[in-house]
Amino acid sequence: MTDLTMFHAVKQDTKFPQLEEQVLAFWKQNNIYQRSLDLRKNGKPFVFFEGPPTANGLPHPGHCLTRAIKDLFPRYRTMRGYLCERKAGWDTHGLPVEVEVCKELGIHGKEEIESYGIEGFVQKCQQSVWRYMQEWERVTERLGFWIDLSQAYVTYHQSYIESVWWSLKTLFDKGLLYRGHKIVWWWAQGGTALSSGEVGQGYRQVADPSVYVRFPLEGEPNTSLVVWTTTPWTLPSNQFAAVNPELEYAYCFDETSSETIVIAKALVESLSEKTKRKLAIVKVVVGSELVGKFYVPPFDCYSKQLGHAEARLKSGGSQRPCWRVVAANFVTIDSGTGLVHLAPAFGEVDYEVLTEERLRFVEPSVPPLLCAVGPNGKFTADFPSHEGVWVKDADKTLQRFLKDAGKLWHQEQYLHDYPFCWRASEDPLIQYPRESWFIRTTKFRDSMLENNKTIGWLPEHIGPGRFGNFLESNVDWALSRERYWGTPLPIWVCDQTSQMEAIGCYEELIAKPGVQGTEVWANAKKANPELEDDLRVHKPYIDAVTYDSPYAPGARMRRVTEVIDCWYDSGAMPFAQWGYPHKNAESFNSQFPSDFISEAIDQTRGWFYSQLAISTMLFGASDEDTKNGKIAERAYPHPFKNCIVLGLMLAEWYESKDGKQRFLTEEEAKTACGTDYVVKTGKMSKQLRNYRSPQEIFDKYGADALRWYLFYNQAPWNSILYSERAIRDSISEFILRLWNSVSFFSIYAEIDGFAGPSEIASGLDQLTSEELSRAKSYRPIEQRSELDRWMMSELAATCRDVVERMDRYDSYGACQTLHAFVDAMSNWYIRRSRSRYWAADKQSADKLDAYWTLYESFVVVAKLIAPFTPFLAESLWKLLKGDLAGVRDSVHLCDFPDGGAIAPDAELNARMSLLREIASLGRSARMDSKLKVRQPLQRVEVSLADDSQIQWLRKHDDIVREELNVDEIHYASGASPFVEYQVQPNFRRLGPKVGPLLPKLKQQLGSVSGATLLEELTANGKITLVLDGKSIELDCEDIQVRMQAKAGWAAAQGKLCVVALNTELTDALIRRGIAKDAIRLVQDLRKKRDCNFTDRIEIWILDAPVAMREALEENQVFICTETLGVSIHFDNPPSDLELDDCELGDSKVRIGLRVTTASLA
RNA sequence: GCGCGCGUAGCUCAGUUGGUUAGAGCGCGUCGCUGAUAACGACGAGGUCCCCGGUUCGAAUCCAGGCGCGCGCACCA
């Protein structure tokens, strides 16, 4: 062995966050990420897509989970030899950005934006996008998420937008983009539609008027339909009344008002009660009989204009188009009257009814859409009495108006949930018809389903379940947004003929004949050279660009005003990140589709859908094409093959009982409230601020602690609690346990000057077995002790298992395996090997084996954990490689160990686990008899279920003897005085054979002595039983033997064996027990006195009774060997010797020690 | 209302094609061990496997119904 000191004892007070900062600096300085890619330049690609986060808010703990998983698999695959490029990306468009800017400018709504100026506003948006960028980059980096931030794709960049344009042009040219009406949730004050997600956020319980209105039937005097509504302001725009054709309706005589009303029969009683009116049923009809009747609308604003004018029907003849009873299946008797007022302008289902009605008429826009409300939410001139009044303010006067006109049958208050604007919480939303652009995704429904079937979803149920169901109910994608900051819809319209063209890129646009308007951008740029060139394809600059219409001489082509849904941006990412097809076709082709993506479950209808839909439309085949036998351009699945769908992250916090104070840690809660606090868990919320920022976690516990917590504690698709305590625990459960093992190794390697790897002169690279085996002191595994062989075998099994699991994206299972291995290494291998490391002969083969085995295990573990806890792995690697020449700088540049070099020895692993069980049972038996392990015992008896392992176990007596502190160990199978046997049927085997007889069989087996049955079985190889007159033969496979420790013995039973102790204590045993106790006291004192590990000492033990003193003298050599003592004195301590009072056995003694240079006698 | 998921120890979660003694970690309690010590080991207490039916020789597991929670969709006229 060389004299070089290769290893230095690891400091005891390791601060992991600090260590991680060092690792980060190391990675940066040495360009490790880039080098990890360069190394795999010729590797098979493993394609990863980054779902672009919006950098328009602070990253929260939930993002850490996503980013940790996104990091894990690319790191793993890279180490497995794949080339995994990781291009970052940012989602930069959309309403949230506009809202931020509005806040900053202190403005509200579209009118104010327009008066501020679209140009300045859009510029502000572009600048604002990067507001939180640094924070995002910092968290990304600190978490150890390796991704190329410098080459990030950005959705507002010109090249990105041009890719999106290309895709939209492609869809347009295929006739898949169209203009249509849609009833949307409309924020009138802001002048914009809200997405369903935004609407969902704003629901609030409010009391609205609930009115029951008479619709007098034409030709039936004094008879009215009674309809119910909670939005009186929609009544002026009423067009139909709907009934369920299947339901029964009753004509009732209302005694109170002496009139006949029509309502659902099932509701007569409850309405009578509610309104305190006497209702007598006159006749009953089914809904379909009411269909086709005409009524007088509640307000005459439109009936005055349209009167009784009739329109031509397709079926011949003509009919008045409005104020007619129609059939609709959605009508129920859950609330109201069973008759529904329809105002198609203000309800999606109402609008559908209009669309259906229109099919009956010759003219396509008959019946017309009646809408007395403007986009600003105020009544228009169509309803002169309320022109300019905000609809919600009109509710009261409208009710009075109805009452005065005798139309109001009943009124009350109604409590229900109603959506308000999520950012202007006083503004109620209204449903409102808007013209929108749609993509005909419904033509690809089946193709999307086909594509989906081939995707590897984790968990699996997402595919056919949530995602599949969502695809089943596909509706055309409402693409356009009447906003400012977004990808402009690239459609130009002829101002005379309304003919349209889609444009695929900027160059194509400016090459058009007679282009004008490009100077608007040029001038802006001249005025402010700082402007990013990407802005030229944005509003308002792009809107200014017009060209000659090919459709009419002298006409101009002008862009439509809309921008597009930013979900389309992100869904276009697979090709748009490269600017494809305008450039980088190669990159696109090699990076499509992706092997792996991961986001949280909320992306089901978001990014997962937008990607799949766009990809299927562009690179797949439509349903019709598929039916005609045309195959998709690219084989499914695309654009992603595997997707881990993460659960949502929940917050845990503490609240005072009155809910007024919130705390993030229990200590804070205790300090402030004593015991008057409660633990809460729930969604993370910015408003509640109920979570700790990731940065605080990094600073306190480190990124690895967080990462390990996220990976190890549950399958990633379960929702996970962001619990600070649990994150902290992951340090001691895994990180510290491993680190302590390394620390142990380093302490003794330093003391002994173990420097095995430095014996290898050259050719070191990744410290593989093959490389290490070239060291002189490295013995082949086969020549080492069983314990070493076991460790290496477990290691190989661990490698294989981890690889197998990670290859199928089972990170959770892989972590369980890693954890179990570290536990086995720390709690069995090292524990059982400790004495080997402090053996005196530094050159003994056994000692060197022990070092080598541990060293190699650490090397492999460092590689195994590298994708999971990259910082810890790197620190470990650094320690293991020391100054060895040629070894790779970083563990992340190594190959992932697949266990191929060493074959796991399943039998050995099973045997060792039996041995561990015996030791564990022995300790349990000791516990029961209150015999502490320090007290030596004479003998243990081990009874085994079968005798096949006895030979092997006998060879390892030393391990068990030492673990259990006994002198002898005796193995047996079969009859023994402290074990009884229970024979049970092997249910799995016999179930199918004997079926219903099984309970009786069990009973019969139980009633006979187990030992007798076993003897019979051993003698004949079978036993025969008679059950219900049937004779049944059982062989040894058909039964299972269970051993039970007999009462009265110091014994413990496990699945495979029973361990019994001989509890008799002889004087000699007691004396050795005293010596063991003394050893421990001396060791404690060594530590207390800060002795070095190698210090020799003189020991004084005073006041020991005679018998004890004899016991100590008798075991003097033993005590000295264990404690590095040179001598033990029982009197005459030096006058300055510090003495500690201790309890030894039943006596009080004083113990002192002194470091000496004398050597052992 | 519909769909998907979940419901197992005080907490966080495992639990294989159904197999008869349901596990782990944390926490709690007791004891032990101590040249890894801001560790470690053992043992214990703690379970209506959400409820109710059914299938089966046998159900935490399969089926039907219900309850609760989460997410999504629709509706809220």
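Since the structure is predicted, the reported quantities are computational estimates derived from the model, not experimental observations. Below, chains carry the letters A, B, ... as their sequence lines are ordered, and counting in each starts from 1. All values below were derived from every heavy atom in this structure, side-chain atoms included, with hydrogens, water molecules and symmetry-related copies excluded.
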Can you find a heavy atom in the side chain of A:L235 that is under 4.5 Å from one in the side chain of A:L398? no
Gap in Å between the two C1' atoms, one belonging to B:G58 and one to B:U17, rounded: 15 Å
When rounded to the nearest Å, what value does the distance between C1' atoms of B:C26 and B:C67 take? 30 Å
If the P atom of B:G41 is compared with that of B:A24, how far apart are they to the nearest Å? 13 Å
With no hydrogens and no angle check, is any side-chain donor or acceptor of A:N452 less than 3.5 Å from a backbone partner on A:G463? yes
Using whole Å, what does the distance between atom P of nucleotide B:G5 and atom CD of A:E460 come to? 12 Å
Value in whole Å for how far the P atom of B:C26 lies from CH2 of A:W708: 15 Å
So which protein nitrogen or oxygen atoms get under 3.5 Å of nucleotides 41-43 of chain B's nitrogens or oxygens?
| from | atom 1 | to | atom 2 | distance (Å) |
| --- | --- | --- | --- | --- |
| B:G41 | OP1 | A:N827 | ND2 | 2.6 |
| B:G41 | O2' | A:R923 | NE | 3.3 |

For the C1' atoms, the ones on B:C33 and on B:U21, what distance do you get once it is rounded to whole angstrom? 30 Å
Output for pair (A:S826 OG, A:F744 CZ), nearest 0.5 Å, gives 10.0 Å
Please figure out whether A:R834 or A:A343 has its closest RNA chain B nucleotide nearer the 5' end. A:R834
Short heteroatom pairs, N/O only, protein and nucleotides 61-65 of chain B, under 3.5 Å:
none

Can you say whether the rings of A:Y712 and A:W708 are parallel (under 30°), tilted (30 to 60°) or perpendicular (over 60°)? parallel
Measuring only the C1' atom in each nucleotide, how far is B:C28 from B:U16? A whole number of Å is fine. 32 Å
Pairing nucleotide - B:A24, Watson-Crick or G-U, each distance under 3.5 Å: B:U12
Interatomic spacing from OG1 in A:T604 to CZ in A:F467 - rounded to 0.5 Å: 7.5 Å
Under a 3.5 Å limit for both distances, which nucleotide forms a Watson-Crick or G-U wobble pair with B:C57, could you say? B:G19
When the distance from CG of A:L1081 to P of B:U34 is rounded to whole Å, what number comes out? 10 Å
Within the distance-only criterion (no hydrogens, no angle test), does the side chain of A:S610 pair as donor or acceptor with the backbone N or O of A:W567 below 3.5 angstrom? yes
Between the base of B:A74 and the side chain of A:S473, is one N or O donor paired with an acceptor at under 3.5 angstrom? no
Is the closest side-chain heavy-atom distance between A:W717 and A:I462 below 4.5 Å? no
Starting at atom CG of A:L736, determine the distance to atom P of B:A36, rounded to an integer number of angstrom. 14 Å
Ring-plane angle category for A:F858 and A:F745, please: parallel below 30°, perpendicular beyond 60°, tilted otherwise. perpendicular
Give one of base, sugar-phosphate or nothing for A:W717, where a contact means two heavy atoms less than 4.0 Å apart. nothing
Does the side chain of A:R466 get closer than 4.0 angstrom to OP1 or OP2 of B:C71 through an N or O atom? no
Pick base, sugar-phosphate or nothing for A:T229, based on heavy-atom distances below 4.0 Å to the nucleic acid. sugar-phosphate
Can you measure A:F467 atom CZ to B:C71 atom P for me and round it to whole angstrom units? 20 Å
Approximate separation, where rounding is to 0.5 Å, of A:H819 NE2 and A:L738 CG: 10.5 Å
Atom-to-atom span, CE of A:M825 to C1' of B:A36 - whole angstrom: 12 Å
Base partner of B:C40, which must satisfy Watson-Crick or wobble distances under 3.5 Å: B:G32
Distance below 4.0 Å between A:Y748 side-chain N/O and B:A36 OP1 or OP2: yes
Span that lies between the C1' atom of B:A42 and that of B:U34, in whole angstrom: 15 Å
Rounded distance (Å) that lies between atom C1' of B:C4 and atom CG of A:N452: 14 Å
Strictly distance-based, threshold 3.5 Å: is any side-chain N or O of A:N238 a donor or acceptor partner for the main-chain N or O of A:F240? yes
Partner nucleotide of B:C6 by Watson-Crick or wobble geometry (both distances under 3.5 Å): B:G68
Closer to the 5' end of RNA chain B via nearest nucleotide, is it A:S741 or A:Y709? A:Y709
Taking a pair to mean Watson-Crick or G-U wobble geometry with both distances below 3.5 Å, B:G1 pairs with B:C73
Given B:C73, B:G5, B:A36, identify the nucleotide with an atom nearest to the side chain of A:S826. B:A36
Integer angstrom distance from the C1' of B:U48 to that of B:C4: 28 Å
Main-chain N/O of A:W233 paired to A:T231 side chain as donor or acceptor, under 3.5 Å: no
Residue A:S743, side-chain atoms from C-beta onward, closest of B:C76, B:C73, B:A36: B:A36
Which part of the nucleic acid, if any, lies within reach of A:I462 when heavy atoms closer than 4.0 Å are counted: base, sugar-phosphate only, or nothing? nothing
Protein-nucleotide distance (A:N713, atom CG; B:G25, atom P), rounded to Å: 13 Å
For B:A59 versus B:A74, give the span between their P atoms, rounded off to a whole number of Å. 43 Å
For the pair A:Y432 and A:F346, name the ring-plane relationship: parallel under 30°, tilted 30 to 60°, perpendicular over 60°. tilted
